[in-house]
Peer 1: 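The following block contains the structure, expressed as structure tokens.
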Number of protein chains: 2
Amino acid sequence: MDLARELGVSTATVSRALNGSSRVRPELAHRIREHARDRGYIANRHARALSSNSSRAFVGFVIPYVDTPAYSAVAAQCARLLSADGTQMILTITENDPRRELDQLRDLVATRVAGVVLSPSTGILPGTRELLQDLPVVQFHRGCGIDAPGVFSDDAALGDAVTRLADLGHRRIGYIGPSRSISNGARRLAAVRDGAAAAGLDPDALAVRLLEPATDHGAGAARELLHRADRPTALVVGGGTLSLSVAREVRSSGLRVPGDLSLVVYGDPAWFALHDPPLTVVSVDYPELARRAARLLVGRIGGDGPADDVLLTSELHPGGSTGPPPPGA
Amino acid sequence: MDLARELGVSTATVSRALNGSSRVRPELAHRIREHARDRGYIANRHARALSSNSSRAFVGFVIPYVDTPAYSAVAAQCARLLSADGTQMILTITENDPRRELDQLRDLVATRVAGVVLSPSTGILPGTRELLQDLPVVQFHRGCGIDAPGVFSDDAALGDAVTRLADLGHRRIGYIGPSRSISNGARRLAAVRDGAAAAGLDPDALAVRLLEPATDHGAGAARELLHRADRPTALVVGGGTLSLSVAREVRSSGLRVPGDLSLVVYGDPAWFALHDPPLTVVSVDYPELARRAARLLVGRIGGDGPADDVLLTSELHPGGSTGPPPPGA
DNA sequence: TTGAAAGCGCTAACAG
DNA sequence: CTGTTAGCGCTTTCAA
């Protein structure tokens with residue numbers, strides 16, 4: 001209104017000029033924009049959102065944690081990509097608590113977000129499911145059973161790792177990974193079992209330890225496995241945070257890697273290269289995962305038809321931590 | 001309006017009931033809330049923000065990156081703490097680009113955020129400074145010259161590290177850290193120099209290499225230092241990402257740690273414990289940093305008077321990567 | 001091409 | 001305690 005008054009035009013014209021409508025005389029539009037800039041005018045997004053009820057001004061990004069490479073990399077990328085569109089990303093941490101998840105989702109609906117990127121918590125609530133139904137959603141990293149596309153890692157490289165270990169002669173292979181109650185836990189375990197089967201090993205003969213997220217850091221499971229009489233000659237880990245603690249536990253067990261024990265971990269090869277020898281790592285291209293998620297969300301918001309899941313190929317990044325089993329075993 | 005009609009009351013009463021005003025008959029209030037819940041009513045935050053012009057519905061969180069432990073941990077904590085208040089955190093990545101920073105800040109002003117947590121980019125723009133003036137701001141990790149409190153690490157442990165190395169007998173100490181153009185780069189260099197001086201060493205005799213953020217990963221600087229005729233017998237690194245690449249470079253140089261070279265890095269001890277021997281690490285309590293930042297911001301928003309900077313004590317986490325210099329040196 | 005005016009969904013005086 | 005009503009700052013018909 002101020003601008004309109006000062007320039008002797010109507011608010012409608014100002015609005016049109018500022019929004020780049022072609023239905024205003026270019027010269028006038030230019031003058032208005034100039035004046036707005038000089039005055040340091042910044043349009044109120046709330047008013048805008050309230051008025052034109054359809055906008056992609058905000059999206060939600062709902063994840064269990066962010067202080068983990070997987071999530072932080074993707075959060076960063078998404079915020080970056082979306083901001084280019086003028087879309088603001090509201091970051092929300094569930095800590096894997098279904099109750100929080102629901103509350104936060106409700107808050108996001110309250111700000112009428114255009115869509116949501118979601119990495120669901122473990123025990124997703126019915127109310128949450130309901131909210132999600134009338135919202136463009138992209139699942140990411142983990143899935144819950146809702147009808148929305150998602151971007152995931154195929155985690156096939158975990159299977160490759162097992163196959164390769166079996167080919168090296170390992171017969172007692174251990175696997176420590178996230179619980180099956182998370183979708184990616186189930187997927188990773190399946191990959192590992194497939195890998196064993198592919199090499200002619202009985203999947204049920206694997207020494208498997210599945211852990212609830214953030215409950216335990218895997219050190220206990222590793223210790224237990226490594227102190228058994230028939231301890232595995234190779235250990236595969238299916239989670240980033242788990243990998244760190246398992247690697248530490250292996251170190252403190254005094255076993256030599258790969259002499260006594262072959263070790264394959266999950267996460268960022270750059271960090272696991274600190275280990276001596278550099279660890280063999282199953283990794284995913286997180287920035288790419290993020291790009292796909294962002295693109296998918298934009299598509300959903302844009303009203304594109306039903307989209308397919310994106311399954312990114314995981315990679316087995318060879319290090320020096322795998323070798324033949326020790327002679328005695 | 002729907003709720004009001006359906007219950008035969010006015011919108012004002014509904015609003016009051018939903019906002020927990022005491023000026024409505026408890027029984028009625030209860031009935032209204034119940035009905036709202038059943039209908040799945042979720043109040044529009046934009047309308048709310050527009051109407052009651054003062055709200056802490058949104059805050060901005062503006063940082064150069066988030067896929068780095070320092071920032072991701074703090075982002076997570078802040079989002080967590082603020083969401084307890086019903087405040088939504090808009091995450092924004094500048095990539096250390098002043099232009100983006102300004103744009104994003106302008107967008108945040110457009111959504112009338114109650115305040116901003118900011119880790120300024122290197123060459124902050126005048127326009128940015130101006131925007132920041134009439135906004136509750138908390139600086140974090142880095143500072144720019146604006147009049148706003150901040151939370152930082154004191155980085156004094158970097159100085160302790162140098163002192164300790166000098167006490168072990170090291171005379172040629174190298175330092176690789178972030179450029180002085182970032183405030184924490186300057187602070188860390190100062191800490192290192194102080195540490196040298198405290199041990200009776202000439203600060204100017206340190207072999208210092210300062211790097212622009214994200215331009216170079218420190219490997220080059222490390223290589224150069226380690227291949228000099230009078231190569232340092234100890235190396236201190238003043239940045240998390242730098243530490244990783246320097247550690248790798250040291251590894252590939254073939255020098256033994258700490259036999260040939262003592263090494264002190266910066267970051268999360270848990271990760272650097274992967275190295276053999278575990279590296280000595282200068283670390284900061286990031287969750288605590290986040291808590292302080294969140295608390296400070298809430299204070300600012302609440303209109304508390306001028307607040308002081310928070311300087312968190314950094315810690316020297318001893319590993320096995322420091323020892324006396326090699327006999328010959 | 002421009003203007004007048006009616007909302008968007010809520011809160012907050014101001015009355016009663 | 002409750003209702004009426006006037007905005008909050010925009011966008012968007014509908015006319016001109």
Side-chain angles (χ1 to χ4, degrees), chain A residues 1-37 39-58 86-88 106-114 134, chain B residues 1-37 39-58 86-88 106-114 134:
Chain A
M1 278 196 53
D2 288 347
L3 297 179
R5 186 162 20 75
E6 287 163 17
L7 287 163
V9 296
S10 73
T11 60
T13 304
V14 172
S15 173
R16 284 193 274 256
L18 262 28
N19 289 310
S21 159
S22 61
R23 300 154 61 77
V24 55
R25 188 156 39 90
E27 193 272 323
L28 215 204
H30 185 260
R31 202 148 57 85
I32 292 176
R33 278 196 284 267
E34 195 117 292
H35 186 69
R37 190 162 42 63
R39 288 280 315 254
Y41 169 79
I42 298 181
N44 186 322
R45 279 175 95 111
H46 297 306
R48 203 174 271 207
L50 194 57
S51 178
S52 64
N53 217 342
S54 72
S55 78
R56 57 179 64 180
F58 300 91
T87 298
Q88 292 182 326
R106 202 179 273 131
D107 277 350
L108 289 172
V109 171
T111 96
R112 303 298 187 262
V113 290
D134 12 57
Chain B
M1 276 195 54
D2 288 347
L3 297 179
R5 185 162 19 76
E6 286 162 18
L7 287 162
V9 298
S10 73
T11 61
T13 303
V14 172
S15 173
R16 283 191 276 256
L18 261 28
N19 289 310
S21 159
S22 60
R23 300 154 59 79
V24 54
R25 188 157 37 89
E27 193 273 323
L28 215 206
H30 184 260
R31 203 150 53 87
I32 292 175
R33 278 196 284 268
E34 196 116 293
H35 186 69
R37 188 162 45 63
R39 289 280 317 254
Y41 169 81
I42 299 180
N44 187 320
R45 280 175 92 112
H46 296 306
R48 204 175 275 211
L50 194 57
S51 176
S52 66
N53 216 342
S54 71
S55 78
R56 56 178 64 182
F58 300 92
T87 299
Q88 291 182 327
R106 202 179 275 133
D107 277 350
L108 289 172
V109 171
T111 98
R112 303 300 186 260
V113 290
D134 13 55

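Every heavy atom of this structure was used, including side-chain atoms; hydrogens, water molecules and symmetry mates were not. Quick note on labels: first sequence line is chain A, next is B, and so on, each numbered from 1.
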Peer 1: Check the distance between C:dG9's C1' and A:R112's CZ and give it to me in whole angstrom.
Peer 2: 9 Å

Peer 1: Rounded to whole angstroms, how far apart are CZ on B:R23 and C1' on C:dC14?
Peer 2: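 Those two atoms, CZ and C1', are 11 Å apart.
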
Peer 1: Can you tell which of D:dT5, D:dC10, C:dG3 lies closest to the side chain of A:A47?
Peer 2: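 Shortest atom-to-atom distance from the side chain points to D:dC10.
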
Peer 1: Toward the 5' end of DNA chain C, which comes first, B:T13 or A:L50, by nearest nucleotide?
Peer 2: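 It is A:L50 whose nearest nucleotide is closer to the 5' end.
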
Peer 1: Starting at atom CD1 of A:I32, determine the distance to atom C1' of C:dG3, rounded to an integer number of angstrom.
Peer 2: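 Answer to the nearest Å: 12 Å.
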
Peer 1: Taking the side chain as everything from C-beta on, heavy atoms only, tell me whether A:F58 gets closer than 4.5 Å to B:R45.
Peer 2: no

Peer 1: Which nucleotide in the set C:dT1, C:dG3, C:dC10 lies at the smallest distance from any side-chain heavy atom of A:R25?
Peer 2: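 Nearest listed nucleotide: C:dT1.
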
Peer 1: Using whole Å, what does the distance between atom C1' of nucleotide D:dT2 and atom CZ of B:R5 come to?
Peer 2: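 The distance from CZ of B:R5 to C1' of D:dT2 comes to 19 Å, rounded to the nearest Å.
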
Peer 1: NE2 of A:H46 versus C1' of C:dC10: gap in Å, rounded?
Peer 2: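 One finds 13 Å between C1' of C:dC10 and NE2 of A:H46, rounded.
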
Peer 1: Between D:dT12 atom P and A:L18 atom CG, what is the distance in whole Å?
Peer 2: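 Rounded to whole Å, this separation is 13 Å.
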
Peer 1: Please report the interatomic distance CG(B:L18) to OG1(B:T13), rounded to the nearest 0.5 Å.
Peer 2: 11.0 Å

Peer 1: Side chains of B:R48 and B:N19: does their closest heavy-atom pair fall under 4.5 Å?
Peer 2: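 Heavy-atom side-chain distance check passes, below 4.5 Å.
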
Peer 1: Calculate the interatomic distance between B:D2 atom CG and C:dC10 atom C1'; express it in whole Å.
Peer 2: 13 Å

Peer 1: Determine the contact category for B:R48: base if any of its heavy atoms lies under 4.0 Å from a base atom, sugar-phosphate if only primed atoms, P, OP1 or OP2 are that close, otherwise nothing.
Peer 2: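 Result for B:R48 = sugar-phosphate.
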
Peer 1: Which whole-number value in Å describes the distance from A:N44 CG to C:dG9 P?
Peer 2: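 Atom CG in A:N44 sits about 16 Å away from atom P in C:dG9.
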
Peer 1: I'd like to know if the side chain of B:H46 reaches the main chain of A:T111, judged simply by a donor and an acceptor atom lying under 3.5 Å from each other, with no hydrogens or angles considered.
Peer 2: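 Yes; at least one donor-acceptor contact below 3.5 Å.
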
Peer 1: So does B:S51 get a side-chain nitrogen or oxygen closer than 4.0 Å to the phosphate oxygens (OP1/OP2) of D:dC8?
Peer 2: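 False: B:S51 side-chain N/O out of range (4.0 Å or more) of D:dC8 OP1/OP2.
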
Peer 1: So if I take every side-chain heavy atom of B:S15 and compare against D:dT11, C:dT11, C:dG3, which nucleotide ends up nearest?
Peer 2: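 Closest nucleotide to the B:S15 side chain: C:dT11.
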
Peer 1: Name the closest nucleotide to the B:T11 side chain, picking from D:dT5, D:dC10, C:dG3.
Peer 2: D:dT5

Peer 1: It should be established whether B:S52 places a side-chain nitrogen or oxygen under 4.0 Å from OP1 or OP2 of nucleotide C:dT11.
Peer 2: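 No.
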
Peer 1: Within the structure, does a side-chain N or O atom of B:N19 lie under 4.0 Å from either OP1 or OP2 of C:dT11?
Peer 2: yes

Peer 1: Choosing from C:dG9, D:dC1, C:dA13, which nucleotide comes nearest the side chain of B:A12?
Peer 2: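 Of all the options, the side chain of B:A12 is nearest to C:dA13.
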
Peer 1: Touch check for B:R16, heavy atoms < 4.0 angstrom, all strands: base, sugar-phosphate only, or nothing?
Peer 2: base

Peer 1: Could you measure the distance from the CZ atom of B:R112 to the CG atom of A:N44? Nearest 0.5 Å is fine.
Peer 2: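 Output value for this atom pair is 4.5 Å.
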
